[in-house]
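The block underneath contains the structure these notes are about, expressed in structure tokens.
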Number of protein chains: 2
Amino acid sequence: MKGILSEIGRLNHIAIAVPNIQKASSIWENALGANISSTQSLPEHGVKIVFIESPNTKVELLEPLNKQSPISKFLERNPNGGMHHMCYEVSNLENAIEKLIAAGVKILGDGIPKIGAHGNPVIFLNPGDFSGTLIELEEIKSN
Amino acid sequence: MKGILSEIGRLNHIAIAVPNIQKASSIWENALGANISSTQSLPEHGVKIVFIESPNTKVELLEPLNKQSPISKFLERNPNGGMHHMCYEVSNLENAIEKLIAAGVKILGDGIPKIGAHGNPVIFLNPGDFSGTLIELEEIKSN
């Protein structure tokens, strides 16, 4: 069955929460030959981050900067880390939000897009609506 | 830091385990405008499967066919479903296995590639070595 409308674009990234970004990225590099970016600290998002590029998309490893980090609770439940969310690009976030709400999907927080780690507007969708999967939508204008 | 060797290729798919594939895929279609494939039954792998295509990769929704399914235990722990594994393509699985073992990574099962759901040789890596993330490597010859 093919949908007529396609809201979702590229898979921008898969985010993996890790307790120690240095240790986590070294195994990707040494065992899988992955290209690892330098570590960025994003205090406004409460995380340190590295990118692991593959030809078609990327993995982001996230380590919390403090207890208030949005991924601290996840790591309390999953002390070794794990897949935290996946992010799709959309060309128009307001249109996507309208359709999501019409379909009965809950947007996390106050439902208003925030500026995400890449400087673009993002929202997060209620994992309960997507089989336990946390989905981020990121508006990429220049697609 | 850039690795000299790059073993991992394209991200082939992200697999999401779901208790009900019909219900799970309808929300992706209706709320996200995703293109959903028809459902395939793969009794030899113990799952029903649909593909959700996006321009650069795909999501696979997996529903167990029975209690012996490799994803049944995961769904006991995560009754609503959740991200189960991610799969990278590699051009030479034997080479990848050698490097993984040399780096101290454990291959799940007997360590010998099996034929995966797409008809290609696959292995699964110990999630304990990758921050709780289950990684599948699939050999794609024609890359």
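The sequence lines fix the lettering, A, B, ..., with proteins before strands; numbering per chain opens at 1. Given the structure is predicted, the values throughout are model-derived calculations rather than measurements.
- Note on B/Val90 and A/Ile36: same hydrophobic cluster, where clusters join Ile, Leu, Val, Met, Phe, Trp and Tyr whose side-chain heavy atoms are under 4.5 Å apart, directly or indirectly.
- By the criterion of side-chain heavy atoms lying less than 4.5 angstrom apart, applied directly or through intervening Ile, Leu, Val, Met, Phe, Trp or Tyr residues, B/Ile135 is not grouped with B/Phe74; the two fall into different hydrophobic clusters.
- At a 4.5 Å heavy-atom cutoff, the contact between B/Ile14 and chain A is made by side-chain atoms alone.
- Between chain A and the options B/Pro79, B/Gly81, B/Ala24, B/Pro127, the largest number of non-hydrogen pairs under 4.5 Å is found for B/Gly81.
- Put simply, A/Val122 and A/Tyr88 are part of two different groups of oily side chains (I, L, V, M, F, W, Y) that touch within less than 4.5 Å, one to the next.
- Transitive grouping of hydrophobic side chains (ILVMFWY, heavy atoms separated by less than 4.5 Å) brings A/Ile27 and B/Leu137 into a common cluster.
- Counting all heavy atoms, side chain and backbone alike, A/Asn56 lies closest to B/Thr57 at ND2-CB, 3.7 Å.
- Looking at A/Ile101, there are no atoms closer than 4.5 Å to chain B (heavy atoms on both sides), in backbone or side chain.
- The minimum heavy-atom distance linking A/Gly9 with B/Ser54 is given by the pair O-CB, 3.3 Å.
- Here the OG atom belonging to B/Ser131 is positioned 6.5 Å from the CG atom belonging to A/Leu61, to the nearest 0.5 angstrom.
- Considering only heavy-atom pairs separated by less than 4.5 Å from chain B, the leading option among A/Met83, A/Met86, A/Lys23 is A/Met83.
- The shortest side-chain heavy-atom distance between B/Trp28 and A/Asp129 does not fall under the 4.5 Å cut-off.
- Grouping the Ile, Leu, Val, Met, Phe, Trp and Tyr side chains by contacts below 4.5 angstrom, directly or via other members, places A/Leu65 apart from A/Leu62.
- Counting heavy-atom pairs closer than 4.5 Å to chain B, the top-ranked of the candidates A/Pro19, A/Ala103, A/Gly104 is A/Ala103.
- B/Phe130 pairs in a side-chain contact (heavy atoms from CB on, under 4.5 Å) with only one of the listed residues (A/Ile16, A/Leu32, A/Val18), which is A/Leu32.
- In plain terms, the two heavy atoms of B/Ala31 and A/Val105 that are nearest each other are CB-CG2, 3.6 Å.
- Considering every non-hydrogen atom in both B/Ile8 and A/Pro55, the closest pair reads O-CD, 4.4 Å.
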